[in-house]
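Basis for what follows: all heavy atoms, side chains included, without hydrogens, waters or symmetry-related copies. Chain naming here is simple, since letters A, B, ... match the order of the sequence lines and numbering starts at 1 in each. Because the structure is a prediction, the values reported are computed rather than measured.
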Protein chains: 2
Amino acid sequence: MTAADDMTCEDVPWGEVSPEAARKLLIAAVEAFAERGYHATTTRDIAGRAGMSPAALYIHYKTKEELLHRISRIGHDRALRILSVAAEREGTPGERLAGAVSSFVRWHAGRHDTARVVQYELDALSPEHRTEIVELRRRSDAVIRGILRDGVESGDFDVPDVPGTTLAVLSLCVDVARWFNTRGHRTPDEVGELYAGLVLRMVSARSSSGDGRD
Amino acid sequence: MTAADDMTCEDVPWGEVSPEAARKLLIAAVEAFAERGYHATTTRDIAGRAGMSPAALYIHYKTKEELLHRISRIGHDRALRILSVAAEREGTPGERLAGAVSSFVRWHAGRHDTARVVQYELDALSPEHRTEIVELRRRSDAVIRGILRDGVESGDFDVPDVPGTTLAVLSLCVDVARWFNTRGHRTPDEVGELYAGLVLRMVSARSSSGDGRD
DNA sequence: TCAAGCGCTAAGCGCTTGCTCACCCGTGAG
DNA sequence: CTCACGGGTGAGCAAGCGCTTAGCGCTTGA
């Protein structure tokens, strides 16, 4: 095992995908899926983008769907980890929520091609793979819901409908992957900051007095 | 012209599509596109759902893409009208924004199959059709942005980044079409009310004092 | 009564799709 | 040098795709 083999994760975008040809194919697939969608993408297109023949794909992946599954799995793991790390930091619920939202959004904007595939091509997965991925989503949901609950308990937040608001917050963040960079002159950091501010206002208790009934 | 011919629009969901067979096919297409996506749907599937042979589709529509365009056009017109009507009602900016968001969301939830096709299958359209539809979206954007501007001017709202917040509000509303009814026990009205409340909190100025510079 | 015309179908065309298979070539151990 | 072997290619298969066409039966106006 060389030093290069060891430095595979976290640093390089798709470092966890180990034969270089397999990684090139996967990156090409992310590009193509993000651009055209899973069903509109052909295996020839993917192989072509990777500079290989159509048959090369099947040396490293059993089917086209397996490629999508690998992308989806790795992407969801990454998104969930980003959310969890931010949520587990020390601080007030407000600080934790702002951190979670800004970093989650930053990822969805900065890696919007990956995020688009991960978030919007779920239905193209086989039933077994789909349920596996849905479980990861449920955990993302639990992270946000946890912060909201903490904030309500501490009195920092005023959230009448915690599950519904959780859904809205996640939906808001995820949808960044759809529109980002189609228009924009904004950086991922700017969008992250903007969204963190908006979400905080959505849930924060009015600072002055306020007994909750009006 | 009979009375039945006259009562074609607004009341019945797809009343503006006039030969009954064409309407049946279009409704079948909405179902199929919403369920599987445009590219994963076959013309045989659409015709089958409508109880007709595959060839019947081509009597009423020149191509499969024309079907998508018709759905997209009618759907966007409807969504834009709902937004505009709500925005032009009398009232404070807050009331107008709440009305616009709640009715827009109610439509996206209640007709989530149509909305999903309309909002998420844009890329499957031909370039010309796509630009036509994008123009309609720009108008939706202008409606929301207008209300926000009014609210900022009147002092009801405190929105540092009006274009960014407009984008966020629309994104939030539109994404309802993606998740609604996959889980939920919520009614469209409930989601509309919830979202109107969340959006109002996102943009409202803190009531006590505040001279606007900080 | 009957021919015209319209809505619809059965059959199928040409093409593309996901995927396979026989073979090739550079590398490294014996 | 030889030869096995893993990563790669060119050609192509079966199936399914969007779409077309010849023709059928029902309605309709003269």
Side-chain angles (χ1 to χ4, degrees), chain A residues 1-2 4-5 8 14 17-33 35-72 117 121 123-130, chain B residues 1-2 4-5 14 17-33 35-72 117 121 123-129:
Chain A
M1 185 193 281
T2 70
D5 282 330
T8 44
W14 295 98
V17 183
S18 71
E20 199 203 318
R23 181 166 56 246
K24 272 209 303 197
L25 283 162
L26 190 137
I27 290 169
V30 169
E31 253 186 58
F33 291 163
E35 211 172 277
R36 310 206 212 287
Y38 175 80
H39 288 291
T41 299
T42 69
T43 55
R44 280 164 241 264
D45 182 19
I46 297 168
R49 282 173 196 251
M52 306 172 98
S53 83
L57 199 152
Y58 294 91
I59 296 164
H60 301 283
Y61 302 96
K62 223 163 52 180
T63 62
K64 177 181 156 190
E65 193 268 347
E66 192 195 310
L67 241 179
L68 177 63
H69 175 235
R70 288 277 270 273
I71 293 167
S72 208
V117 176
E121 299 291 350
D123 294 333
L125 290 168
S126 71
E128 311 86 58
H129 287 160
R130 222 190 93 98
Chain B
M1 187 193 281
T2 69
D5 283 328
W14 295 98
V17 184
S18 71
E20 199 204 318
R23 181 165 57 246
K24 271 209 304 196
L25 283 163
L26 191 136
I27 290 170
V30 169
E31 253 186 60
F33 291 163
E35 211 172 278
R36 308 204 213 289
Y38 175 79
H39 288 290
T41 299
T42 69
T43 55
R44 281 163 240 264
D45 182 20
I46 297 168
R49 284 173 195 250
M52 307 172 98
S53 84
L57 198 151
Y58 294 90
I59 294 162
H60 301 284
Y61 303 95
K62 222 162 54 179
T63 63
K64 178 181 156 190
E65 193 267 349
E66 192 195 310
L67 242 179
L68 176 62
H69 176 234
R70 288 277 270 272
I71 293 168
S72 209
V117 177
E121 299 289 351
D123 294 334
L125 290 169
S126 72
E128 311 86 59
H129 287 161

Any donor-acceptor N/O pair, A:R23 side chain to A:V17 backbone, under 3.5 Å: yes
Side chains of A:D123 and A:R130 in contact at under 4.5 Å (non-hydrogen atoms): yes
May I ask you to check if B:K64 and B:Y38 form a cation-pi contact, with NZ or CZ under 6.0 angstrom from the six-membered ring centre and within 45° of the axis? yes
For the pair made of CE in B:M52 and P in D:dC19, what is the distance, rounded to whole Å? 17 Å
Provide, to the nearest angstrom, the distance between the CD1 atom belonging to A:I59 and the P atom belonging to D:dG7. 8 Å
Rounded to the nearest angstrom, tell me the gap between atom OH in A:Y61 and atom C1' in D:dG7. 14 Å
Do A:L125 and A:H69 come within less than 4.5 Å of each other through their side chains, counting heavy atoms only? yes
Rounded to whole Å, please give me the gap between OH in A:Y58 and C1' in D:dG10. 16 Å
5′-ward residue of the pair A:A55/A:A40 relative to DNA chain C: A:A40
Report which part of the nucleic acid B:S53 touches: base, sugar-phosphate, or nothing (heavy-atom distance under 4.0 Å, all strands). base
Are any non-hydrogen side-chain atoms of B:H129 and B:L68 less than 4.5 angstrom apart? no
Between B:G51 and A:K62, name the one whose nearest nucleotide on DNA chain C is closer to the 5' end. B:G51
Below 4.0 Å from chain B heavy atoms, what is the first contacting nucleotide of DNA chain C and what is the last? C:dC8 to C:dG12
Looking at B:T41, B:T42, B:D45, which hits side chain to side chain donor-acceptor pair (under 3.5 Å) with B:R36? B:D45
